[in-house]
Amino acid sequence: MEKREMLYEGKAKKVFATDDPQLVIVEYKDDATAFNGQKKGTIAGKGVVNNRVTNFLMQMLAAAGIPTHFVQELSDREALVTKVEIIPLEVIIRNISAGSFAKRYGVEEGIVFDEPTIEFSYKNDDLGDPLITEEHALALKLVGPNEIKRIRTMAFQINTILKDFFAGINVELVDFKLEFGRVLNDYIVLADEISPDTCRLWDATTHEKLDKDRFRRDMGGEVEAYNEIMYRIFGEKC
Ligand code: ADP
Ligand code: UDP
């Protein structure tokens, strides 16, 4: 597989064309941003952790019947994936209150919900990724009625699988963000990444944060936190 021109450089990843028009290579960077790009920094080794963790989780989900964009891990920082048309929605699932949920409703972090919740943000940096209702996403034709149903079902299924997996490594899956894309014939697949950048992961015993909140909140220890997730999954640090 030949790596060709860069198609896109985002905040955390670069996307490259390949000699196959249906496949792209994603390359994970150590760059970290928060608050819609206002806070910038780097987390050494983050790209390796996010690539390897994402690829591992995508393969686990695929084995459980969830269609994903993942094709093959190419290196520590690169993965070959199916090129998709990204649906411009951030799909957020929450099991425990934290982050913007806690802030918006004036509640503490750590309230365990009886049932997981779902919400959507409109993926649009100029607007600051505003929260969007399902009806508004349909009105704006960001997504079709059957697509949104499928996305909701897949997102909750993914939550069940991931929550169980993380529980097995003594980690609470607090909340996370998913992106979905369309491939040929409008088939919907899970795309983008699932990593400590896009999930809140707390140690199940101490509730210590093992995710990007350490960077967002200037807590320090982010390299160690990302490595700890890597260690619990693979038994090795990067
Ligand atoms: P951002 O665009 O928010 O800065 P990244 O740095 O992670 O985010 O950039 C990766 C970009 O690639 C994102 O916009 C994401 O939606 C997009 N993407 C993820 N998976 C695929 C895929 N399989 N095909 C095409 N684009 C993808
Ligand atoms: N999230 C993400 N990208 C975003 C916004 C949120 O990956 O652009 C993830 C975030 O890491 C967390 C979950 O989605 O796991 C819920 O985030 P929240 O709405 O609480 O927003 P935040 O506090 O991150 O601004």
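As the structure lists them, so they are numbered: ligands from 1, and atoms in each ligand from 1. Numbers here are sequence positions counted from 1. These values consider heavy atoms only, across backbone and side chains, with no hydrogens, waters or symmetry-generated copies.
- Ionic pairing of Glu119 and Arg94 is present here: one or more N-O contacts between side-chain nitrogen and carboxylate oxygen are shorter than 4.0 angstrom.
- If you number the atoms of ligand 2 from 1 as listed, the ones under 4.0 Å from a heavy atom of Gly99 come out as 20 (O), 23 (O).
- Shown are Leu57, Asn55, Val53, Thr68; of these, the side-chain contact (heavy atoms from CB on, under 4.5 Å) with Ile194 is made only by Leu57.
- In this structure, Arg94 counts as a contact residue of ligand 2, since one of its heavy atoms falls inside 4.0 Å of the ligand.
- A salt bridge links Arg217 to Glu109: at least one charged side-chain nitrogen sits closer than 4.0 Å to a carboxylate oxygen.
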Item checked: Working for salt bridge (Lys or Arg N to Asp or Glu O under 4.0 Å), residues Glu224 and Arg214 -> CA-CA 10 Å; Glu224 293 76 8; Arg214 302 199 77 90; over 6 Å; no
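- The side-chain tip of Arg52 points at the ring of Phe234 from less than 6.0 angstrom away and within 45° of straight on.
- Salt bridge status for Arg150 with Asp186: absent, with no side-chain N to carboxylate O gap under 4.0 Å.
- Shown in contact with Ser100 at under 4.0 Å from a heavy atom are these atoms of ligand 2, numbered in order with element: 18 (P), 19 (O), 20 (O), 21 (O), 23 (O).
- Ligand 2 lies out of reach of Lys212, whose nearest heavy atom is not under 4.0 Å from it.
- Remark: Glu134 engages Arg152 in a salt bridge, criterion side-chain N to carboxylate O under 4.0 Å.
- The structure places CD1 of Ile229 at 9.0 Å from SG of Cys199, a figure rounded to the nearest 0.5 Å.
- In this structure, His207 and Trp202 have perpendicular ring planes: the angle between them is above 60°, well past the 30° mark.
- Between Lys29 and Glu27 there is no salt bridge, since no side-chain N of the basic residue sits under 4.0 Å from a carboxylate O of the acidic one.
- In this comparison of Lys177, Arg200, Glu193, the heavy atom closest to atom 16 (C) of ligand 2 sits on Arg200.
- At a heavy-atom cutoff of 4.0 Å, ligand 1 is surrounded by Tyr8, Gly10, Lys11, Ala12, Lys13, Val15, His69, Val81, Thr82, Lys83, Val84, Ile86, Lys123, Glu179, Ala191, Asp192.
- For ligand 2 and Asp197, the ligand atoms under 4.0 Å from any heavy atom of the residue are 7 (O), 11 (O).
- With a 4.0 Å cut-off on non-hydrogen atoms, Cys199 touches ligand 2 through its backbone and not its side chain.
- Cation-pi contact between Lys46 and Tyr28: absent, since separation from the ring centre below 6.0 Å together with deviation from the ring axis within 45° is not met.
- At the top of the distance list for atom 5 (C) of ligand 2, counting protein heavy atoms only, stands Glu90 OE1, 3.6 Å.
- For atom 24 (O) of ligand 2, the nearest protein heavy atom lies under 4.0 Å away.
- Evaluated by nearest non-hydrogen atom to atom 11 (O) of ligand 2, the leading choice among Arg216, Lys103, Lys11 is Arg216.
- Taking a cut-off of under 4.0 Å to the non-hydrogen atoms of Ile92, the atoms of ligand 2 that pass are 16 (C).
- Cluster membership for Leu131 and Val91, using ILVMFWY side-chain heavy atoms within less than 4.5 angstrom, is not shared.
- Applying the 4.0 Å criterion to heavy atoms of Asp175 picks out, from ligand 2, the atoms 12 (C), 13 (C), 15 (O), 16 (C).
- Taking a cut-off of under 4.0 Å to the non-hydrogen atoms of Phe176, the atoms of ligand 2 that pass are 14 (O), 15 (O).
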